[in-house]
Amino acid sequence: MEKLYEQMDFILSGGALKSLVDFLTPRVEAALIVSPNGADLEIVDAVKTRTEGLFLRKQASKLASVFKECALTGKFSIDCAAMEGEWPWAVRIHGAQWVFYILLRQSPEALIPELQPIAGLISLWQTFQQIKTTEDRLSRLAYMILATKNTLASIFEPMPLDYYAAFLTDVLRESLFPKSLSIFQDNGKTLSLLEGDERTPPARKGLYSQTMLPPTPVVTQKEDASYEVVLPITEPYKLFCVSEWDKSPMEETLNFLELVGNLASRALSINNLRTENTAGKDKTTSDNFTLLSLAEALDALKKQTTRAAFLSIVTDIFSELVHESECFLVIRDKDLGGYLPVEYRKNGLPVPFQPTLLPSAPVVAKAERPFFDLQKTDLAEFLKCPWPEMDRMRYVFPFWNHGRLEGFIALYSKIPSFASDENKLSALQLVSQFAAFDLGKFME
C-alpha cells in the first residue's frame, strides 16, 4: 500500500509527464512535448533534442488547426495529424479543459495504442490539478467573502476623504495582496497621490481623462511579470485605484475589486449627502439664532433711555453676534467737536483704552457704504484714525445718518467666517443702521 501511495502521489504531482518521456525515449528519434500558453506553445519537455527557448512563439493556433474538431466521448482522447515544418507529425492528447501535443519526426500511428494508459495517467494528473485549482479558488473566494463581511461594518462610516482612502487601501491590501497599491485623485487638471505606495501619478490621458468611466476594474498593462489594474471610483469624487500584480489577477480578484469599488462609491456618495444635510441643518440653526438675536437686540436698543446704556448695548450686540471678537466703538461727540472712542471689548469684557479725541467735522458721504473690510479698503479715505486699537481691527460697521457718519464699530474676530454669512452680515448692518438713527436722540 505504501508503494501504491508513493506511485499515485508521484503521478498526481506531475510524474505522469515523466512516464510519457520514459515511454517515448526508446521509441522515437526525437520529440517535443508542448502545451498551449496563450498564443504560444510552451515546451514542457524534450526527448533527444535541444531547444533554443521555452516557447514556440505564435504557434498555438497553427498547431490546433491541423486537428479536426471532434466531440470528446470519454475523459480523454488521442489522435494524430500530419503538418508542415521541422516536426511533420503531431499527436494530441486532450481532455475537456487541457491539451498536450507530442511533436515527432516520424509517423506515430504505431505508438498511439500504447499511449492509451499513459494518456490515462495524464488525465488523472490534470483532473487532480483542476480539483486543486478549484479548491484554491474556493479558498480565496471564502476569504474574500469574509473580507467583504468585515468591510461592510466600516465602509459606510462617515470619514474625511483622506481617512477613507487609507481605509480602502488597507482593505484591498489585506484582502488581495497586490504587489503595490496607490489611490490617485483627479482635480480636473492633474492626478495627485491621495494614499498608498509612493509613485509618480499617471498622466491625465487615456482612461484617466475619460468623462464616462467604467464601474469595473480595467487591466491597463500586461507584461511577463507585471500587470496593472485600474479601478475607477467616480462618485462623488473622481478617484483611481491603481494596483500592480506579479501575475494576471484571477476573475475572483477582479470581481472583488469591482464589488469594493461600487461599495466605496455608494458610501462616499451617502457620506457626502449626509455632510451636506448636516451643513444645511447647522446653517438653518445658525440663521434662526441670528434672527432671534436680532429681534432681541433691536428690542433692547429701543428700551434704552441713556446714552451710556445705549452704547453699551450696541457693543454687547456685536460682541454676541461675532464670537471670540474684539470690539472698538467710536462715536461722534457733538460737544467736543470730533470722534471719540467710548467702548473697547475683548471677548465680551471691557478693556482699558485711551479716549483720544479726533477733532474733525462730521464726515459726510454721498454713498453710504454699510461695511468695510480693512484688508481690502483703507478707512483713511473717510476718517484718519489715531487710535492704536484700530491696528488690530479687520471689519468696520459705520453708523450713517442721512449720509453723515455718526460713529462706527470696528471688529476683529478669530473666526472671520461671519463675513461670508450673508444672514449674519445683514443682521449686523441692520443693527448699525438702527444704532445710527437712535444715536440722534442722545445727541440733542
Side-chain angles (χ1 to χ4, degrees), residues 286 289-333 336 338-358 360 363 369-380 382-401 405-421 423-443:
S286 176
F289 174 78
T290 299
L291 291 174
L292 179 61
S293 299
L294 176 61
E296 293 176 348
L298 296 180
D299 184 61
L301 286 175
K302 288 192 296 184
K303 294 178 180 178
Q304 303 310 309
T305 58
T306 66
R307 183 176 184 271
F310 181 85
L311 296 177
S312 180
I313 290 294
V314 169
T315 311
D316 289 340
I317 292 170
F318 278 88
S319 295
E320 183 177 347
L321 289 177
V322 184
H323 301 291
E324 299 185 44
S325 65
E326 295 182 31
C327 298
F328 188 62
L329 178 62
V330 176
I331 298 299
R332 184 176 71 88
D333 193 304
L336 296 177
Y339 291 90
L340 183 70
V342 293
E343 291 278 354
Y344 182 34
R345 305 274 186 89
K346 281 188 178 181
N347 298 323
L349 300 176
V351 178
F353 64 96
Q354 184 67 37
T356 304
L357 176 70
L358 172 62
S360 175
V363 175
R369 296 181 61 176
F371 169 70
F372 293 91
D373 182 342
L374 299 184
Q375 288 189 352
K376 301 176 181 178
T377 304
D378 188 356
L379 192 63
F382 293 99
L383 195 69
K384 294 184 179 180
C385 303
W387 309 291
E389 290 81 6
M390 286 296 296
D391 294 340
R392 285 182 50 80
M393 300 304 163
R394 168 74 186 273
Y395 306 101
V396 171
F397 289 86
F399 303 154
W400 298 106
N401 187 0
L405 183 65
E406 299 293 354
F408 64 85
I409 187 164
L411 305 173
Y412 165 77
S413 176
K414 295 178 182 177
I415 307 176
S417 58
F418 80 89
S420 60
D421 187 333
N423 287 336
K424 182 166 290 188
L425 194 59
S426 297
L428 292 170
Q429 291 173 1
L430 183 59
V431 172
S432 64
Q433 292 170 6
F434 192 90
F437 294 139
D438 269 20
L439 269 173
K441 68 182 180 183
F442 299 110
M443 294 181 179

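All figures in this text were calculated on a predicted structure; none of them were measured in a lab. What's counted below: heavy atoms across the whole structure, side chains too, no hydrogens, waters or symmetry copies.
A cation-pi contact links Arg392 to Tyr412, judged by a cut-off of 6.0 Å to the six-membered ring centre and 45° from its axis.
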Could you go step by step and tell me if Asn401 and Gln433 meet the side chain to side chain contact (heavy atoms under 4.5 Å, CB included) rule?
CA-CA 8 Å; Asn401 187 0; Gln433 292 170 6; over 6 Å; no
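For the pair Phe397/Phe408, no side-chain contact is recorded, criterion being any heavy-atom separation below 4.5 Å from C-beta on. By the 4.5 Å heavy-atom criterion applied to side chains, Pro341 and Phe353 are counted as neighbours. Residues Leu405 and Trp400 form a side-chain contact, since some pair of their non-hydrogen atoms from C-beta on lies under 4.5 Å apart. When side chains are defined from C-beta on, Leu383 counts as touching Leu358, because their heavy atoms get closer than 4.5 Å. The closest side-chain heavy-atom distance from Leu340 to Ile331 is not below 4.5 Å. Looking at heavy atoms from C-beta onward, Tyr339 lies in side-chain contact with Trp387 at the 4.5 angstrom threshold. Counting heavy atoms from C-beta outward, Leu374 and Leu379 have side chains that approach closer than 4.5 Å.
In terms of the side-chain contact (heavy atoms from CB on, under 4.5 Å) criterion, residue partners of Ser312 (sequence neighbours excluded) are, by chain and number, Asp316, Glu343, Arg345. Remark: Pro370 engages Gln429 in a side-chain contact (heavy atoms from CB on, under 4.5 Å) (not counting sequence neighbours). With sequence neighbours excluded, the residues forming a side-chain hydrogen bond (donor to acceptor under 3.5 Å, both in side chains) with Thr377 are Arg369, listed by chain and number. Partners of Phe399 under the ring-ring contact (aromatic ring centres under 6.0 Å, His included) rule, at least two apart in sequence or in another chain, do not exist in this structure.
Considering CD of Glu326 and CG of Leu349, their distance stands at 11.5 Å, rounded to 0.5 Å. Rounding to the nearest 0.5 Å gives a distance of 8.0 Å between SG of Cys327 and CZ of Phe318. Here the straight-line distance linking atom CG of Leu357 with atom CG of Leu336 works out to 5.5 Å at 0.5 Å rounding. Between the OH atom in Tyr344 and the CD atom in Glu389 there is a gap of 5.5 Å [rounded to 0.5 Å].
Residue pairs meeting the salt bridge (charged side-chain N to carboxylate O under 4.0 Å, His left out) criterion with at least one partner in residues 370-379, sequence neighbours excluded, are Asp373-Arg394.
For Tyr395 and Phe371, the ring centers are positioned less than 6.0 Å apart.
Between Lys384 and Ala380, the shortest heavy-atom distance links the atoms CG-O, 3.9 Å.
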